[in-house]
Amino acid sequence: MISTGNKIINNLSDYEKERTSFSWETVGRDLDLGPEGSGNNITHLAVDCHAQGKLKEIVAFRFINKDKTWEDFSYLRLKEETSRFANVITGLGLQKGETVFSLAGRIPQLYITALGTLKSTAVFCPLFSVFGPEPVFQRLHKGEAKILVTTLAIYEKTVKQLEERLPSLRNIILTDIEEHRSEKILSWKRLMNEASPDFQIPPTSPEDPALLHFTSGTTGMPKGALHVHKAVLTHYITGKYVLDFHPGDIFWCTADPGWVTGTSYGIIAPLVNGVTSVIDQEEFDAMRWYSILEEQKVNIWYTAPTAIRRLMRMDIKPREKFKLDALRVILSVGEPLSAEAVLWGEKNFGMPILDNWWQTETGGIMIANYPAMQVRPGSMGKPLPGIQAATAEVTEDGLKFIKENGKQGHLVLKKGFPSLFRTYLHEEERYNKCFVGDWYVTGDLAKMDEDGYFWFVGRADDIIKTSGHMVGPFEVESTLMRHHAVAEAAVIGKPEPSIGELVKAFIVLKPGNEPNEDLKLDITGFARKHMGPAVAPKEIEFVESVPKTRSGKILRRLLKARELGLPEGDISTLEKT
Ligand code: ATP
Ligand code: MG
């Protein structure tokens, strides 16, 4: 381990220097990428090359069971298991570029499916295990699934009824039946027992399709973003620079592989960097989470604002109850992380929580607060070396880049980085619309300050136009969150002819607070004092919870549709409370 005394030297210690000298070609050379060859395959880089070297006995994945016992997979074991699976699907006639889906909780078979599929040069697409039949159908249909790996219970409950509507789904592999049921419904155990643990990875081009990921559906119907093997360059370098992986590290990414974070950072990035990941098979539970951090001696913890807000709401002082000395880096992604939350991390863990920004479409982290860099609480940080980010107006004549510091505009990224999506499956026009000249328009609005830090404003679709102001919901929500009684807030614009839209806030209170008129007035007064009357909410409604996607994002469009009595639109990713 690179350390001076107990202090670990961050991989990215001089941001400006690295930014100037960075090139993707150098990263490609580091990983030994060529034009064509098995060495370009994600699973070769993530698993096989380590299994053939000195990491072979190192734990790649540790799966924690409900009762806190665990099962370890060394890099060598993972190589063999993923080879078996690659042999299984090749034996079933699966061709390069065809799609294998998984629909399961965070069980080992899901991870083996992911890596084994990539190894065979087929395309892997994970689905969130609790999706109901319609969301599952839409995605399997759109992604032209050929093979699905799932459990017996999910098959009986969700998939069986869809089979007739999915004629191209050739095989369903059930992880927990002993014997094959038919030529189509097969037993994982039988297939894997009979398969060889040796598999020769076929030649893989860096541009071969690898991963299909559906977006969270926060702004509308989820889109299927397609990524190629070369995306691994982003996974590798962000693992190094942002997550700051060092040999021997224990890493915990709490995201489910049903979302892109759970694949890019729950599977690929830690493996390519040769560290150990712990995977909890259970859902969120504050005490359980803290105890996992302690017992597993987690060094790097990657989670999301929704979980952090839940932890903040509870009256637990983690460092008083748990020994968390191993923890070195805490990171967050998925939604804006308020300055409050960053400082809460500082107070409760002795380190700020590092926010970073990216999307399904970008395949990996694009803008980040790096461990060695001064954090500006509430900011997303600075672009990854190798990524050019800017703010711009989108006009008929192309992009007009914003020169003034602190003025909001569309967050845009220069094309050409390896993990940028290559298409929206079957939605070529929609894909093309995301690009203006050489730039990808992300759909988010942001500001850049005089030192190059980016600040999230909101999704372009969520921006509220009130009395001539453009208000981002995040700004209002963050301020409301600073009120002592507020646990969570979601803000929308409600049409109001005299001012365009009025700002309405839905507020979840912290336990012990009565939802009454006095409290409403108090919160309104607080908001006006801190934001001014033009931006402060004109309407407040207390609610038990706010609707969220399964990946933990507030569904403002749903709140708005309900408020206005409009159709709810696609709610396939809505978390059931
Ligand atoms: P859809 O595209 O279907 O509406 P989605 O955009 O929520 O869904 P994802 O790709 O999972 O789907 O989420 C990416 C989006 O999440 C970003 O575009 C941004 O709006 C938000 N986001 C992610 N990280 C951050 C962050 N650190 N700060 C602010 N917003 C973030
Ligand atoms: Mg999106």
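These numbers come from the heavy atoms of this one structure, side chains and all, not from hydrogens, waters or symmetry mates. Order of listing sets the numbers, starting from 1, for every ligand and every atom in it. For reference, positions follow the sequence shown, starting with 1.
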Show which atoms of ligand 1 fall inside a sub-4.0 Å distance from at least one heavy-atom site of [X].
{"X": "Asp355", "value": "26 (C), 27 (N)"}
{"X": "Asn356", "value": "24 (N), 26 (C), 27 (N)"}
{"X": "Gln359", "value": "10 (O), 14 (C), 17 (C), 18 (O)"}
{"X": "Gly334", "value": "16 (O), 21 (C), 22 (N), 23 (C), 24 (N), 25 (C), 31 (C)"}

If we count only N and O atoms by modelled type, under 3.5 Å, do the side chains of [X] and [Y] hold a donor and an acceptor together?
{"X": "Thr442", "Y": "Glu361", "result": "no"}
{"X": "Ser572", "Y": "Asp570", "result": "yes"}
{"X": "Thr549", "Y": "Ser551", "result": "yes"}

Backbone, side chain, both or neither: what part of [X] comes under 4.0 angstrom of ligand 1, heavy atoms only?
{"X": "Thr549", "value": "neither"}
{"X": "Trp358", "value": "backbone"}
{"X": "Trp357", "value": "both"}

The single option from Thr99, Leu162, Leu140 that satisfies side-chain contact (heavy atoms from CB on, under 4.5 Å) with Leu148 is Leu140
Please report which non-hydrogen protein atom sits nearest to [atom], along with the residue it belongs to and the distance in Å to one decimal place.
{"atom": "atom 16 (O) of ligand 1", "answer": "Lys553 NZ, 3.0 Å"}
{"atom": "atom 26 (C) of ligand 1", "answer": "Glu335 O, 3.4 Å"}
{"atom": "atom 29 (C) of ligand 1", "answer": "Pro336 N, 3.2 Å"}
{"atom": "atom 12 (O) of ligand 1", "answer": "Ser216 N, 3.1 Å"}
{"atom": "atom 15 (C) of ligand 1", "answer": "Arg459 NH2, 3.4 Å"}
{"atom": "atom 4 (O) of ligand 1", "answer": "Thr219 OG1, 2.4 Å"}
{"atom": "atom 7 (O) of ligand 1", "answer": "Thr218 OG1, 2.4 Å"}

Are the side chains of Tyr111 and Ile267 in contact, using a 4.5 Å heavy-atom criterion? yes
Could you tell me whether the side chain of [X] and the main chain of [Y] form a donor-acceptor pair under 3.5 Å?
{"X": "Tyr302", "Y": "Val333", "result": "no"}
{"X": "Tyr265", "Y": "Thr254", "result": "no"}
{"X": "Trp24", "Y": "Gly386", "result": "yes"}

>> Regarding Arg556 and Glu477, does a basic nitrogen lie under 4.0 Å from an acidic carboxylate oxygen?
In response: yes
For ligand 1, which is the ligand I care about here, please tell me if [X] has any N or O atom under 3.5 Å from one of the ligand's N or O atoms.
{"X": "Gly217", "value": "yes"}
{"X": "Lys223", "value": "yes"}
{"X": "Thr360", "value": "yes"}

Could you tell me whether Gln374 atom CD has more than 12 heavy atoms of other residues or ligands within 6.0 Å of it? no
Has Val333 got any heavy atom lying under 4.0 angstrom from an atom of ligand 1? yes
Next item on the list: Please verify whether a non-hydrogen atom of Ser551 lies at under 4.0 Å from ligand 1.
Entry: no
Fill in: Pair Gln359-Tyr440, side-chain hydrogen bond (donor to acceptor under 3.5 Å, both in side chains): steps then yes or no
CA-CA 12 Å; Gln359 317 175 296; Tyr440 163 57; 2.7 Å; yes
Exercise for review: Output, in order, the C-alpha distance, side-chain angles, deciding distance and verdict of ring pair (Phe, Tyr, Trp, His ring centres under 6.0 Å) for Phe128 and Trp259.
Suggested key: CA-CA 7 Å; Phe128 198 53; Trp259 309 116; 5.5 Å; yes
Closest to atom 19 (C) of ligand 1 by heavy-atom distance, out of Leu445, Ile554, Asp444, Thr573, is Asp444
